[in-house]
Student: 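Pasting a structure here, questions to come.
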Amino acid sequence: MSQVRVRFAPSPTGMLHIGGARTALFNWLYARHTGGKFVLRIEDTDQARNTQEAVDVIFRGMRWLGLDWDEGPDGKGGTSGDRGPYFQSQRGDIYRRYLEKLKATGKTYEDGGALKFKMPKTPGVVKDLVCGEVTFDRTMEPDLVIQRKDGSPVFHFVNVVDDLEMGITHVIRGEDHLTNTHKHIALYEALGAAPPQFGHIPLILNRGGSKMSKRDEGAALGFYEEAGYLPAAVRNYLCLLGWSPGENQEILPVPDLIQRFDLPNINRSNARFDGDKLFWMNGEYWRTLTDAEFQKFADEYLRRTRPKVAQMDPDLLKRLLPLIREKVRTGREMAEWLDPYLGEEYEYSAEAKKKQLGAPEAGKWLEALSSALGAMGTGWDDSTIEGACKKVAEEAGAKPAKVIHLARAAVSGRTVGPSLFGLLTALGKERVLQRLERTRRQMAEGTLVTA
RNA sequence: GGCCCUAUCGUCUAGCUGGUUAGGACACGGCCCUCUCAAGGCCGGAGCACGGGUUCGAGCCCCGUUAGGGCUACCA
């Protein structure tokens, strides 16, 4: 048996569709599982949408997911592999050659300026690796246009020619192509070539239950990168749509995924995309990152989404991040939680003002807190701060929680945040006193800003 | 309309060649922990679409119905 060659052939639409990403992933897994080659081919025949930016989106998405390809454009202007070109827009000569070859068989004819392929009227049989044997009655099947009036070849034709020329052995693609496959097979046969094997994988459905379209929320892979998801989590989650590793396991490292993945155990029914579960899974990966991995991720994500971090005291950031990390599970949440510490002009949320800072005893308690914390000598740490806070509460005859929540609101402007004692420790005494003072001043002046 | 695919908790799924108290995960509810929020622990509700067969026995096999999805372009 010769070496497996699979391909992913996206068209540059300006986004990498989540379904396309999953198709790429399954192809990649199959190539790695079998020790075969994974080819990337760009179907850039639609001139209107074909821009460099749109092509770059594909490269970026593939790299982000960790799907490396053995042949195709390298994304840096170069190419690897010797079965190119890997852009359809550069394969015109090849298509013309095959068009001539097909014409020579006498199985084509001109109609209305277009070139048509005479579809055989015999039953079309597709032996699908996922769906089994599917037979199509073609007695009523119309002939297939393979070249438009303007001379350009159509998708079905170039797709077949490319797969043939590139020596693709297994075509793994979405089930939406299943009913077209017999046409492709007819083309292979007319060209005197053996068709590849096919495996049609179930579609990814949106919440409403229809094929995920580019207009659906979260349909673009880039959406998850922007939201600060971890590529490993997204990749792992995508694996579970239409396939299961079995043995009640869902979270698996890549080598296990590769080892267990195979075509016969792919599901036949479509799967709905469940953002909640992805979110949960991201949390699982989020928690198992090493400190170094998390730091790298946080640096890159924050630099991109919160340019203000550059102005921030790096030591403060370094102290804050671990505290925030354990309370959230995506980069976006992390960034939002960091907002109150990006500068001293932080805002107070409506809830913080209403529930905490607006309380009758708030001013009195904050004053007590300021003096208690201000009086602390050496040893500014979680436990000494806790002691001071509890003492303030005790003297005020209140539960510690009351004072703690008030302090959080004063110091961060929020009602939720990292554990208070850790937060105060991280902020440092001077900054904490300054923030308490700022809050008291604004309370006194009645100018607590909202936005 | 025609053709094709599919059908296990709300969702993703396990369930190999018929014998299971139908398993797991997300989500959800309750309790515990608790300074908010997460995390964690314990408990719980929730499913074989329906109807016929075949069989001693069907979630698994066959047929039908229903439902969902897809395809049916000189789009890709």
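Below, read A as the first sequence line, B as the second, and so on, with proteins coming before strands; counting in each chain starts at 1.
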Student: Using purine N1 to pyrimidine N3 plus N6-O4 or O6-N4 for Watson-Crick, or N1-O2 and O6-N3 for G-U wobble, both under 3.5 Å, which nucleotide pairs with rA73(B)?
Tutor: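 Across any shown strand, rA73(B) pairs with none.
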
Student: Take atom CG of N267(A) and atom P of rG59(B), then tell me their distance rounded to the nearest Å.
Tutor: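 For the pair N267(A) CG and rG59(B) P, the rounded distance is 20 Å.
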
Student: Y341(A) ring centre to R435(A) NZ or CZ under 6.0 Å, with the angle to the axis within 45°?
Tutor: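 Ring-cation test returns no.
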
Student: Nearest-Å distance, CG (L203(A)) to C1' (rC12(B))?
Tutor: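 Between C1' of rC12(B) and CG of L203(A): 16 Å.
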
Student: Rounding to the closest angstrom, what is the interatomic distance between rC26(B) and rC42(B) at atom P?
Tutor: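 Going atom to atom, P in each nucleotide, I get 12 Å.
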
Student: At under 4.0 Å between heavy atoms, how does the protein contact nucleotides 26-40 of chain B? Give one character per nucleotide, 5' to 3', with B, S or -.
Tutor: S--------BBBBSS

Student: Starting at CD1 of I204(A) and ending at P of rG70(B), how long is that distance when rounded to a whole Å?
Tutor: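 Distance, rounded to whole Å: 14 Å.
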
Student: For F26(A), does the six-membered ring have the charged nitrogen or CZ of R22(A) within the cation-pi criterion, i.e. under 6.0 angstrom from the centroid and within 45° of the normal?
Tutor: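 Judged by the rule (NZ or CZ under 6.0 Å from the ring centre, within 45° of its axis), R22(A) counts as positioned above F26(A).
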
Student: With rounding to the closest Å, how many angstrom separate the C1' atoms on rA58(B) and rC48(B)?
Tutor: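 Straight-line distance between the two C1' atoms is 11 Å.
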
Student: Take atom CZ of R272(A) and atom C1' of rG68(B), then tell me their distance rounded to the nearest Å.
Tutor: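 One finds 8 Å between C1' of rG68(B) and CZ of R272(A), rounded.
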
Student: Now, which nucleotide makes the Watson-Crick or G-U wobble pair with rC26(B), with each of the two distances under 3.5 Å?
Tutor: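 By the stated definition (distances under 3.5 Å), rG10(B) pairs with rC26(B).
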
Student: Testing the 3.5 Å rule here: is there a donor-acceptor pair between the side chains of E165(A) and Y98(A)?
Tutor: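 Yes, a side-chain donor-acceptor pair sits under 3.5 Å.
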
Student: Just the rounded figure in Å: distance from C1' of rA14(B) to CD1 of I266(A).
Tutor: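 Distance check: I266(A) CD1 to rA14(B) C1' gives 17 Å.
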
Student: My understanding is that a pair needs two contacts under 3.5 Å, Watson-Crick or G-U wobble. By that rule, which nucleotide pairs with rG45(B)?
Tutor: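 Across any shown strand, rG45(B) pairs with none.
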
Student: Are D150(A) and S152(A) linked by a side-chain donor-acceptor pair shorter than 3.5 Å?
Tutor: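 Looking only at side-chain atoms, S152(A) and D150(A) do form a donor-acceptor pair, the distance falling under 3.5 Å.
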
Student: Output yes when a side-chain donor or acceptor of N282(A) lies under 3.5 Å from a complementary backbone atom of L278(A), and no otherwise.
Tutor: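 Side chain of N282(A) to backbone of L278(A): no pair is present.
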
Student: Quick check on rC4(B): is either OP1 or OP2 less than 4.0 Å from any side-chain nitrogen or oxygen of N180(A)?
Tutor: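 Answer is no, no contact under 4.0 Å.
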
Student: Provide the distance between the two P atoms, one in rA46(B) and one in rC9(B), to the nearest whole Å.
Tutor: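 That atom pair is separated by 14 Å.
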
Student: Could you check whether the side chain of N248(A) and the base of rG23(B) have a donor-acceptor pair of N or O atoms closer than 3.5 Å, going by distance alone?
Tutor: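 A donor-acceptor contact between them is present.
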
Student: Suppose we define a pair by two distances each less than 3.5 Å, Watson-Crick or G-U wobble; what does rU21(B) pair with here?
Tutor: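 With both distances under 3.5 Å required, rU21(B) matches none.
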
Student: Measure from the side-chain N and O atoms of D44(A) to the backbone N and O of Q88(A), and report whether any donor-acceptor pair falls under 3.5 Å.
Tutor: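 Flag set: sc D44(A) to bb Q88(A) pair under 3.5 Å.
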
Student: From NE2 of H182(A) over to P of rC5(B), roughly how many Å is that when rounded to an integer?
Tutor: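 To the nearest whole Å, that distance equals 12 Å.
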
Student: Take T135(A) and A114(A), find for each the nucleotide of RNA chain B with the closest heavy atom, and name the residue whose nucleotide sits nearer the 5' end.
Tutor: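 Closest to the 5' end, via its nearest nucleotide, is T135(A).
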
Student: Carefully, step by step, assess R440(A) and E437(A) under the rule salt bridge (Lys or Arg N to Asp or Glu O under 4.0 Å).
Tutor: CA-CA 5 Å; R440(A) 285 171 61 205; E437(A) 175 55 31; 3.7 Å; yes

Student: Quote, to the nearest angstrom, the P distance that separates rC5(B) from rA76(B).
Tutor: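 Result for the P pair: 26 Å, nearest Å.
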
Student: Which nucleotide sits closest to the side chain of T179(A): rC4(B), rA76(B), rA14(B)?
Tutor: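 Nearest to the side-chain atoms of T179(A), counting from C-beta on, is rC4(B).
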
Student: Hey, are D291(A) and Q295(A) close enough side-chain-wise for a donor-acceptor pair under 3.5 Å?
Tutor: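 Q295(A) vs D291(A): no donor-acceptor pair found between side chains.
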
Student: Whole-Å distance between rG68(B) P and M212(A) CE?
Tutor: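 Value for this atom pair: 20 Å.
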
Student: Among the nucleotides rG70(B), rU11(B), rA76(B), which one has an atom lying closest to any side-chain atom of S210(A)?
Tutor: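 Closest of the options to the side chain of S210(A): rG70(B).
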
Student: Roughly how far apart, to the nearest Å, are rA25(B) and rA14(B) at atom C1'?
Tutor: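 It works out to 11 Å between them.
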
Student: What is the distance, rounded to the nearest whole Å, between atom CD of E141(A) and atom P of rG2(B)?
Tutor: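 After rounding, the reported distance stands at 16 Å.
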
